[in-house]
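We number each residue from 1, following the sequence as shown. Only this structure's heavy atoms are used, side chains among them; waters, hydrogens and symmetry mates stay out.
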Amino acid sequence: MRIWFQGLVPRVAATAPYYASMERHAKEIAAADTVVEFRGLPPSLYPEGSSPAVLTRYIAGELVEAANIAACAIEAEESGADAFAIVTLQEPGLQAARTLVNIPVVGYGLAASLMARCLGSRVGILAFNPTVLPLMKERLEHHVPGSVGPTRDLGVGYDDTLAAFGTSSLRERFDEGCRALIRDGADVIVAGQMILAELAWSMGAMRIDDVPVVDALGAVVLLSQDLHRLGQVSGVRPNQRGIHWAHPSPEARAMITTAVRR
């Protein structure tokens, strides 16, 4: 099968180590017959000197992200992908994309929160963009109500996190952040950004003082594979009734598709 892995972070020189880490990681976790294709949003989406971390600080930024991701989901299905994965915890456009395509659409927040509840009872969130922490908690609570507990800012920036790939420069700070969450009652940790989750994996920081750190990329890949397999073997596919799940009529879909692809 083929999974279209869609993130917000553009594929440019500065993000090359991050994408290289994800590609190595996917080869380790995915089934032998699964191909994971990593895509980012176009660099032109972000003004010079800006980044996804800036856009995601504002709820209005989700309008831009959601439209772009919905367009990518349509492109993924048209290209023959078997599943579409939104690899940002906030999952902009998740529900809309599900109604525009007939392949499984998986979100990082959904996959990570479900895995977290299989590994512990009280989820702590560690992130490096403190403005977004309330939104991250809200989104995980939506998936696993009542189980999300403390949140914590790592105290580093987007560029610092990217630059840490291939080093252990943030390992001590990451461990300290996790331990602070554990002291506040967390017994399983979710990294608030895929960049941070992938950095944790690359540093081997998947368990801190007997508390697990969710393998975000692994959770997304495994859930994507399983949903595709369920559809093939058992015919189990998403609901298509009601405003949140029904697929638009051909006329409405044509209008929506034209709008999101502008």
Side-chain angles (χ1 to χ4, degrees), residues 3 5 7 18 21-22 24-31 34 36 83 85-91 94 104-129 132-154 161 164-165 168 170-230 236:
I3 305 173
F5 225 65
Y18 166 51
S21 179
M22 287 196 293
R24 288 193 301 271
H25 192 172
K27 287 180 181 178
E28 292 192 15
I29 199 75
T34 296
V36 184
I86 302 172
V87 289
T88 177
L89 188 142
Q90 303 95 290
E91 304 164 330
L94 171 66
V105 178
V106 173
Y108 163 26
L110 172 64
S113 59
L114 293 177
M115 180 173 281
R117 287 298 285 116
C118 294
L119 301 173
S121 301
R122 195 70 171 160
V123 181
I125 304 172
L126 184 64
F128 60 78
N129 197 348
V132 190
L133 277 169
L135 182 60
M136 292 177 175
K137 185 169 185 176
E138 173 189 304
R139 297 296 162 83
L140 291 192
E141 278 281 356
H142 174 75
H143 296 310
V144 286
S147 66
V148 182
T151 64
R152 188 170 183 86
D153 172 33
L154 191 61
T161 308
F165 278 89
S168 58
L170 292 182
R171 178 61 193 267
E172 184 176 351
R173 187 184 288 263
F174 183 85
D175 290 1
E176 289 173 354
C178 290
R179 290 188 173 110
L181 290 171
I182 294 167
R183 289 193 296 271
D184 288 339
D187 62 8
V188 57
I189 309 296
V190 169
Q193 292 93 354
M194 181 59 78
I195 294 176
L196 185 58
E198 189 57 26
L199 180 63
W201 179 83
S202 72
M203 296 188 301
M206 303 309 294
R207 195 169 187 84
I208 308 298
D209 296 344
D210 213 30
V211 169
V213 176
V214 170
D215 179 353
L217 184 146
V220 174
V221 169
L222 294 175
L223 184 56
S224 299
Q225 289 180 157
D226 288 347
L227 287 175
H228 171 62
R229 185 68 173 156
L230 274 172
V236 176

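The line from CD1 of I3 to NE2 of H228 is 9.0 Å long, rounded to the nearest 0.5 Å. Summarising the geometry, atom CG belonging to N129 is positioned 11.5 Å from atom CG belonging to L196; distances are rounded to the nearest 0.5 Å. Once rounded to the nearest 0.5 Å, the distance linking CG of L170 with CG of L154 reads 6.5 Å. Rounding to the nearest 0.5 angstrom, the gap separating the CD1 atom in I182 from the CZ atom in R152 is 11.5 Å. Taking CZ from R229 and CG from D226, the interatomic distance works out to 10.0 Å, rounded to the nearest 0.5 Å. Taking CG from L114 and CG from L140, the interatomic distance works out to 10.0 Å, rounded to the nearest 0.5 Å.
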Verdict with reasoning, L217 to M194, per side-chain contact (heavy atoms from CB on, under 4.5 Å): CA-CA 7 Å; L217 184 146; M194 181 59 78; 4.2 Å; yes
Decide side-chain contact (heavy atoms from CB on, under 4.5 Å) for L199 and T161; before the verdict, give the C-alpha distance in whole Å, the side-chain angles of both, and the deciding distance to 0.1 Å. CA-CA 8 Å; L199 180 63; T161 308; 4.1 Å; yes
Take I208 and I189, measure what side-chain contact (heavy atoms from CB on, under 4.5 Å) needs, and give me the verdict at the end. CA-CA 9 Å; I208 308 298; I189 309 296; 6.0 Å; no
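The backbone N or O of G109 lies less than 3.5 Å from a partner atom in the side chain of S113, making a donor-acceptor pair. One N or O on the side chain of D215 and one on the backbone of G218 form a donor-acceptor pair closer than 3.5 Å. The main-chain N or O of G146 is found under 3.5 Å from a side-chain atom of E141 such that the two form a donor-acceptor pair. Under a 3.5 Å cut-off, the side chain of K137 and the backbone N or O of G149 do form a donor-acceptor pair.
Shown here for A116 and V190, the closest heavy-atom pair between the two residues is CB-CG2, 4.1 Å. Closest of all the heavy-atom pairs between A186 and V123 is CB-C, 4.4 Å. The minimum heavy-atom distance linking R139 with Q90 is given by the pair NH1-O, 2.7 Å. Among all heavy-atom pairs drawn from S21 and E198, the shortest one is OG-OE2, 2.8 Å. Y108 and A197 make their closest contact through OH-CB, 3.8 Å (heavy atoms, listed as atom of the first residue, atom of the second, distance). In terms of heavy-atom proximity, L227 sits nearest to P104 at CB-CB, 3.9 Å.
Pairs passing the side chain to side chain donor-acceptor pair (under 3.5 Å) check and including a residue from residues 176-197, sequence neighbours excluded, read R179-D209.
Remark: R117 pairs with no residue by the salt bridge (Lys or Arg N to Asp or Glu O under 4.0 Å) rule, at least two apart or across chains. Scanning for ring pair (Phe, Tyr, Trp, His ring centres under 6.0 Å) contacts around F128 gives an empty result, with sequence neighbours left out.
Side chains of V213 and F174 form a contact here, defined as non-hydrogen atoms less than 4.5 Å apart. For the pair L223 and V221, the minimum side-chain heavy-atom distance is 4.5 Å or more. Counting only heavy atoms from C-beta outward, the side chains of V106 and I86 never approach each other to under 4.5 Å.
Ring geometry, H25 versus W201: the interplanar angle falls under 30°, so the pair is classed parallel (tilted spans 30 to 60°).
The neighbour count for R171 CZ, taken as heavy atoms of other residues, nucleotides or ligands under 6.0 Å away, is above 12.
Donor-acceptor pairing under 3.5 Å is lacking for the side chains of H142 and E91.
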